[in-house]
Each structure stands twice: as C-alpha cells, then as structure tokens.
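In what follows, every heavy atom counts, from backbone to side chain, and hydrogens, waters and symmetry copies are set aside. Note that this is a predicted model, so its numbers are computed, not measured.
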Amino acid sequence: MKKYVSLLLFIILPFCVYSQESLSSDESFAKARNAVFEKKDYNTAINLAKQALEKSPNYTDISVFLGRLYTWTDKVDAARQVFDELEQKNTQDEDFFLAYASLEYWNNNYEKAINITDKGLNYHPKSEALLLLKAKVYNSNNNFVEAERTISAILEINPKNTEARALSIRIKELTSKNAVGITYNYSHFDKQFADDWHIVGLSYKRVTPIGSVILKGNYANKFREDGTQLELETYPRISKTFYLYVGAGYSGDVGIFPKYRTGVSLFANLPKSFEGEIGYRQLHFTNNIWMYTASVGKYYKNFWFNLRTYITPDSKNISHSYTATTRYYTKGANDYLAFLIGTGISPEESINNLLGTETYKLKTFKVGGEYNFSVKKTNLFSFSATYYNQEYSPNQKGNQIDITLGYTKTF
C-alpha cells in the first residue's frame, strides 16, 4: 500500500509544482492578496509576491504590496530595501509614497515620513490620503500647527473627509497656546421662577506639554441674589488614544452654585472615527449628588453624532438623563451648526443648581440649537438657544428658555 501511495505522490507532485510555477504574475498577485486578507497567511503571501516579481520585476503594484507585507510582519529592513529600489527607479505611484511613508511613520521616523509624503504630493498635490498621512505624522510629532494647516488643505479639497474632520476636532485645542473667553447665559421661566437668571463666565486656557488647563470664574444672579464660583479644569493626555478630563469647582454662595463640584472622565479616540467617554460628576449643595456619565460619538463626513447619558442613583430610585446631539461642520473645527434633543437635567447646564433639590427626579424635555463660527481663525463666536419643558413639582410643568452667547480669542 505504501508503495502505491509513494508512486501516486511521485506522479502528482511535479504537476502541482508545475501548476504553481505556471501561474501568471497577476494570478500570483491575486493569490497573495487572498492569502493575507482572507487567511492571514503572511508567509505564503510573501512567497507568492516574490514569485510574481520573478516573472514581472517591474510590476510596481506587486513591489509596493511586498513592501507592505514586510512592514506588516515587522521586517523593517526588508521593507526599506524594496522601497529604496522603487525610489531608485523614480517610481511616482501614489500608493508607493503612501506605503513608504507609512513604514517610517509607524517606526517613529517622522522627519523621513514627512519628506516622503512631500515628494508624493509633488506628483499628487490633491491626494487626500497623502495629506492625511502627513497630518497624522505632524500630530504624532506634536507639531499641531502644521497638522492643522495640512488638515485644512484636505477639507478644502473634500469637506466630507470623515477622518480628517475627526482629527481636526481632536487637535483644535492644541493649535494655540492661550485662549481667553467670555460667555453670557440668560434663562427665562414662565411659571417656576418669577425672575430671570443671568450668568457671566470668564475663562483662561493654557496649553501645556501634558494637556490643556482652564481656569474659570462665574458670576450669577438668581433668585434676586448674586453668587460667584471658581472652577479649574484640565485635559491631560495619556496616549494617542486616551486622555482625561479632571475638573473641580468651589462657591461660597450655596444655592446659586453648588458648594463643591468635581468630575473625572476618560476619553478614547477609537477606530473608524468613533470616540467614547465614561466618568462621573459630583455636586455638593447640602449633601452630595453623584452622577455617572457615558457617551459615544461618531464622525461621518461633515457630521458629528453623539449620544450621552447621566445616571443619578440614590436610596430610592435612579434618575436618567439622555441627550442626542448632531453637529454639521461648515468649515473648520470651530465652525458648525448643532441640534440637540433630550430628557432630564445634566450638570453641565446652567440650571444645574436645580440638582440640589428633588427637581432632578422629575421629567424634563429639552430641544435646542447652536451656531459656532470663527473669524480669521483666532476669533471664535458662539450662540445657542435651548427650550425646556420641565416638571418642577409633581404634576406641575413649566417652560424655560436658555440663551447663551460666547466669544473666545486664541493666541
């Protein structure tokens, strides 16, 4: 029996080898792509790519693919050898520059990666892929001004570039070292309170090597009484993916503001232009109120979609707040129209002192809009209006209108 098996293999094996060798370069290329993308078999893909190049040594697409395979398998020297040979042949394909620059970017050779993308852009000046890679390199090298300039070039070519839009938002706070701002909030109630509320806020932001630090001072007139509050907020960066929000506030005018407030959130920049947040907020009036928050956001072309919830447990029940927000970006990171709809009260809103009462357990519906725009990039203006229909006591509802104006100067 063994004799017949050996004889069969002796007869079949040459035909298999011949079949493999007789594949055209295009067929070997297709099999190589299938091996890596469908089966994750990188070694087979490399061998097939090499076989294809033996038959077609000037087949640029296969050479670039082989360089990518070496890059993905961490064979950096072999990848560089492939790309160097292509460079010596004066290759001008967009994909070549992308693959070569990506290799250097992933290995933290930022200067070389920029040089390669610039060469590619000489041949393909409107390549969104090359410009986006260049922006990522600048961002990783903490050159946020050049990153923003490169992203602006992408959005001029294609305002609906989702990945560029997401990156522009992530770095907008890092492109200027300082910012001073002023906001004014006006609240009108038809039933709940006889007098309107007024809040004025001043802020100063400083970008540091570890993240932004913001100092705020707030003045309010509520219930015909005045009050002030001081706040400190920071956004320390942990990595390219994660950063934190840490905030605290104090006021000696309890009732106008909470006596203390604290908050911490962990943010994540997720793949496919998603982002997430999880954290808590704490307010202290006469006792502590703990609120836990989570949100998920998604950039899609000119749009940003976000869904946020606040959950407030106590000894009797659990209160919920939900807000859905949509932004439509008209130009840069500071130019957009926004629409929101939701239920419940959140600690970020001007009416947050109502959380010191039982009101936060009652039903609230809200809907609003916002318009932000910039002038010469350093002057940022905002306008928002929100309508609330609030159950301020059991079976008693009233309406509230909030209007907020803001101006920020960056430098």
Side-chain angles (χ1 to χ4, degrees), residues 64 67-68 70-72 74-77 79-80 83-84 86-87 94-158 161-179 205-214 234-245 266-275 299 332-334 377-378 410-411:
V64 172
R68 288 189 183 277
Y70 284 138
T71 301
W72 296 335
D74 204 26
K75 298 175 181 177
V76 177
D77 291 338
R80 284 202 181 106
F83 294 137
D84 285 343
L86 288 169
E87 190 172 38
E94 179 185 9
D95 199 41
F96 158 66
F97 293 108
L98 280 171
Y100 196 3
S102 295
L103 168 71
E104 302 303 341
Y105 167 53
W106 293 331
N107 286 278
N108 301 323
N109 298 312
Y110 300 132
E111 185 175 350
K112 189 171 183 180
I114 291 296
N115 289 336
I116 295 167
T117 56
D118 283 342
K119 288 180 182 178
L121 288 166
N122 286 333
Y123 298 107
H124 310 279
K126 292 189 177 182
S127 168
E128 294 177 41
L130 282 171
L131 286 167
L132 183 59
L133 178 57
K134 184 178 179 180
K136 289 179 179 179
V137 176
Y138 276 132
N139 180 50
S140 295
N141 202 27
N142 296 329
N143 192 339
F144 304 115
V145 173
E146 288 299 327
E148 183 188 41
R149 184 177 291 116
T150 306
I151 293 170
S152 296
I154 301 172
L155 295 176
E156 285 181 8
I157 297 169
N158 178 14
N161 189 308
T162 298
E163 199 169 356
R165 178 68 64 188
L167 184 57
S168 72
I169 304 304
R170 291 169 187 169
I171 68 172
K172 73 173 184 177
E173 299 294 334
L174 305 172
T175 54
S176 57
K177 290 292 184 182
N178 303 279
K205 184 193 76 174
R206 173 71 178 178
V207 176
T208 72
I210 62 170
S212 301
V213 179
I214 305 171
T234 63
Y235 291 85
R237 295 189 300 276
I238 301 174
S239 68
K240 293 179 182 178
T241 302
F242 298 100
Y243 67 98
L244 287 172
Y245 159 79
L266 175 66
F267 291 87
N269 297 318
L270 303 172
K272 298 188 181 298
S273 302
F274 277 93
E275 59 186 16
Y299 291 93
N334 297 299
K377 292 187 177 181
T378 63
T410 62
F411 55 96

Stepwise side-chain contact (heavy atoms from CB on, under 4.5 Å) check, Arg68 with Asp95: CA-CA 10 Å; Arg68 288 189 183 277; Asp95 199 41; 2.8 Å; yes

By ring pair (Phe, Tyr, Trp, His ring centres under 6.0 Å) - contacts of Tyr110 (at least two apart): none

Atom of Thr175, atom of Lys172 and distance for their closest heavy-atom approach: OG1-O, 3.1 Å

Partner set under ring pair (Phe, Tyr, Trp, His ring centres under 6.0 Å) for Tyr243, not counting sequence neighbours: Phe267

Shortest non-hydrogen separation from Ala147 to Ala135 and the atoms involved: CB-O, 3.7 Å

Closest non-hydrogen atom pair, Ala79 against Gly67: CB-O, 3.6 Å

From Lys134 atom NZ to Leu132 atom CG, the distance as rounded to the nearest 0.5 Å: 12.5 Å

For Phe83, the option from Tyr70, Phe97, Tyr100 that meets ring-ring contact (aromatic ring centres under 6.0 Å, His included): Tyr100

Verdict with supporting geometry, Asp77 and Arg80, side-chain contact (heavy atoms from CB on, under 4.5 Å): CA-CA 5 Å; Asp77 291 338; Arg80 284 202 181 106; 4.1 Å; yes

Check: Thr117 side chain, Ile114 main-chain N or O, donor-acceptor pair, under 3.5 Å: yes

Distance, nearest 0.5 Å, that separates NE2 of His124 from CG of Leu98: 8.5 Å

Rounded distance [0.5 Å steps], CZ in Phe411 versus CG in Asn178: 4.0 Å

Distance in Å, Ile154 CD1 paired with Asn161 CG, rounded so as to fall on 0.5 Å steps: 6.0 Å

Nearest-0.5 Å distance that lies between atom CH2 in Trp106 and atom OG1 in Thr71: 7.0 Å

For Arg149, all residues meeting salt bridge (charged side-chain N to carboxylate O under 4.0 Å, His left out), sequence neighbours excluded: Glu146

Greater than 12 external heavy atoms within 6.0 Å of Ile210's CD1: no

Distance, nearest 0.5 Å, that separates NZ of Lys126 from CD of Glu94: 13.5 Å

Ser102 vs Leu133 side-chain heavy atoms within contact, under 4.5 Å: yes

For Arg170, salt bridge (charged side-chain N to carboxylate O under 4.0 Å, His left out) partners two or more places apart: none

Least distance between heavy atoms, Lys240 atom then Asn269 atom: O-ND2, 3.7 Å

Side-chain heavy-atom pair Ile116, Tyr105 within 4.5 angstrom cut-off: no

Side chains of Asn139 and Ile151 in contact at under 4.5 Å (non-hydrogen atoms): no

Minimum heavy-atom distance between Ser212 and Val207, given as atom pair plus value: OG-CG2, 3.9 Å

Derivation and outcome, side-chain contact (heavy atoms from CB on, under 4.5 Å), residues Glu148 and Tyr138: CA-CA 9 Å; Glu148 183 188 41; Tyr138 276 132; over 6 Å; no

Qualifying residues under salt bridge (charged side-chain N to carboxylate O under 4.0 Å, His left out), relative to Glu87, sequence neighbours excluded: Lys119

Pro125 to Leu131 - nearest heavy-atom pair and separation: O-CD1, 4.2 Å

Main-chain N/O of Pro236 paired to Thr234 side chain as donor or acceptor, under 3.5 Å: no

For Lys112, salt bridge (charged side-chain N to carboxylate O under 4.0 Å, His left out) partners two or more places apart: Glu104

Backbone of Val137 reached by a side-chain donor or acceptor of Asn141 within 3.5 Å: no

